[in-house]
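See below for the structure under consideration.
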Amino acid sequence: MPFIALPCDECVKIGGDVRSKEEKNMHRWDVTPREALRIQEELRERVLLQNRFKKIGTVAGADVSFFEDEVAAVVAVFDYETLELVDETVVTSSCTFPYIPGLLTFLEGPVLIQAFEKLTHQPDVIIFDGQGIAHPRGIGIATHLGVLLERATIGCAKARLVGEYREPQREKGSLAALTLKSTTVGAVVRTRYGVKPIFVSPGHFMNITSAIEIIMNCCTRYRLPEPIRWAHHRARQCVSHFRKDEKGGFSRMKPKQAVRGLG
DNA sequence: GCGACAG
DNA sequence: ATCTTGTCGC
């Protein structure tokens, strides 16, 4: 029974039951691609592209790594000024949905939400490895989870999903508008001289200008903002453990090794 | 029907 | 995403 002993600001009472806002907003995840589209259409109406976060004290990076059907999700929280780590959570799980362009949230969302629930320090802003509103239905993973968690989020993708743009200049800080149906949904940002640009778009409780500014402030000496780099790095470490366990396991040992091992 | 297509 | 060593360019 999902009862919470001490009701607080983060909780809401419903007929004697006490549920966190996350639970109250949650929808089903065991859905078909068609049902997933329907959920996105419903949630898009709840998106707010206006800043709704206080003075930024902390920023989090969220990412997921894979090894076959096993996944490891990491959420790492950093001090916005010093970019020092202040909190981090890891959750491993198995895939329940395939990767389908436009439906990434249904693959990574469930495990990421579990990781957020384990945090001790709730960040003021969250950066995701994927799109925000620069999505065919305006609700990429950053936007979707921003609505469910009711938090300010930013989408920071390494590649384009939708939209048109002109290549930004080679200098660090160069920008180009990412346009979809004659509407600017984000920006193509050159975070270092000459490197491949990243695709920044607001998720939720955030406007485009602030999204770009926050991302730039988190980019020190690499192409990706520090929170995302860290989360990605840690998620990969976890996945490497899966590999070792897999190798040492008996059931999935490769034929050549199995034969030798059995004499 | 033919490409495009976050991770 | 992931498999992967050295190597070309700033």
Side-chain angles (χ1 to χ4, degrees), chain A residues 29 33 36-37 40 43-44 47 61-75 91-113 115 126-146 153-165 169-174 178-181 185-204 211 215 221-225 227-229 231-247 252 254:
Chain A
W29 290 107
L37 291 178
Q40 292 185 323
L43 289 180
R44 71 184 301 178
V47 180
D63 190 33
V64 175
S65 281
F66 302 76
F67 173 59
E68 299 184 352
D69 270 14
E70 303 302 302
V71 302
V74 171
V75 174
V91 172
T92 59
S93 178
S94 296
C95 296
T96 60
F97 197 89
Y99 167 68
I100 299 175
L103 298 182
L104 176 65
T105 307
F106 291 83
L107 168 63
E108 304 187 346
V111 65
L112 277 174
I113 286 179
I126 306 165
I127 301 173
F128 287 87
D129 186 346
Q131 313 291 346
I133 62 171
H135 175 279
R137 287 166 295 285
I139 181 152
I141 190 167
T143 304
H144 191 136
L145 296 189
T153 63
I154 299 172
C156 176
K158 298 181 292 300
R160 181 198 79 103
L161 174 59
V162 294
E164 310 170 325
Y165 66 95
Q169 301 303 303
R170 304 197 91 203
E171 285 64 40
K172 171 174 182 172
S174 296
L178 180 60
T179 305
L180 183 60
K181 289 181 294 184
V185 295
V188 183
V189 186
R190 192 86 69 181
T191 57
R192 279 195 68 191
Y193 181 89
V195 302
K196 186 182 179 199
I198 61 176
F199 298 73
V200 179
S201 60
H204 184 52
I215 290 297
R221 44 187 305 221
Y222 297 96
R223 178 167 89 112
L224 299 177
I228 287 298
R229 288 189 68 242
H232 190 260
H233 180 256
R234 295 306 299 254
R236 292 211 50 133
Q237 287 186 332
C238 297
V239 154
S240 72
H241 293 327
F242 290 167
R243 284 206 180 71
K244 291 178 182 175
D245 296 344
E246 195 82 359
K247 261 188 175 177
R252 296 202 194 185
K254 292 181 180 178

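In what follows, every heavy atom counts, from backbone to side chain, and hydrogens, waters and symmetry copies are set aside. Predicted model, so just to flag it, every value in this text is computed and none were measured. Lettering of chains follows the sequences in order, A, B, ..., and the numbering in each one begins at 1.
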[X] [atom1] - [N] [atom2] separation (whole Å):
X      : N     : atom1 : atom2 : value
A:E164 : B:dC5 : CD    : P     : 12 Å
A:L103 : B:dC5 : CG    : P     : 16 Å
A:L161 : C:dA1 : CG    : P     : 14 Å
A:E70  : C:dT2 : CD    : C1'   : 15 Å
A:H135 : B:dG7 : NE2   : P     : 13 Å
A:I100 : B:dA4 : CD1   : C1'   : 15 Å
A:Q131 : B:dA6 : CD    : C1'   : 5 Å
A:Y165 : B:dA4 : OH    : P     : 13 Å

Does the pair A:D129/A:K158 count as a salt bridge with the N-to-O cut at 4.0 Å?
yes

Could you give me the CA-CA distance, side-chain angles and deciding distance for A:L161 and A:H135, then say whether side-chain contact (heavy atoms from CB on, under 4.5 Å) is met?
CA-CA 7 Å; A:L161 174 59; A:H135 175 279; 3.9 Å; yes

When you measure from the side-chain N and O atoms of [X] to the phosphate of [N], is any distance below 4.0 Å, counting only OP1 and OP2?
X      : N      : value
A:H232 : C:dA1  : yes
A:R192 : C:dC10 : no
A:R160 : B:dC5  : yes
A:K158 : B:dG7  : yes
A:Y193 : C:dC10 : no

Remember a base hit wins even if backbone is also touched, and classify A:I198 as base, sugar-phosphate or nothing at under 4.0 Å, heavy atoms.
nothing

Under 4.0 Å, counting only non-hydrogen atoms across every strand here, what does A:G102 touch: a base, just sugar-phosphate, or nothing?
base

After noting the C-alpha distance and the side-chain angles of A:R137 and A:L37, does the key distance pass the side-chain contact (heavy atoms from CB on, under 4.5 Å) rule?
CA-CA 9 Å; A:R137 287 166 295 285; A:L37 291 178; 3.2 Å; yes

Would you indicate whether the side-chain heavy atoms of [Y] and [X] approach each other to under 4.5 Å?
X      : Y      : answer
A:I215 : A:I198 : yes
A:L103 : A:F97  : yes
A:Y165 : A:R160 : yes

Decide yes or no on side-chain contact (heavy atoms from CB on, under 4.5 Å) for A:V74 and A:D63, but give the supporting numbers first.
CA-CA 6 Å; A:V74 171; A:D63 190 33; 5.8 Å; no

Nearest to the side chain of A:S65, heavy atoms from C-beta on, is which of C:dT2, B:dG7, B:dA4?
C:dT2

Which of the following nucleotides, B:dC5, C:dT2, B:dG7, is nearest to the side chain of A:R236?
C:dT2

Could you check A:F66 against A:R170 and say which one's nearest nucleotide on DNA chain C is further toward the 5' end?
A:F66

For DNA chain C, determine which residues of residues 137-146 of chain A have any heavy atom closer than 4.0 angstrom to one of its atoms, and list them numerically.
none

With ring pair (Phe, Tyr, Trp, His ring centres under 6.0 Å) as the test, would you mind laying out the steps for A:F106 and A:H144 before giving the verdict?
CA-CA 10 Å; A:F106 291 83; A:H144 191 136; 5.6 Å; yes

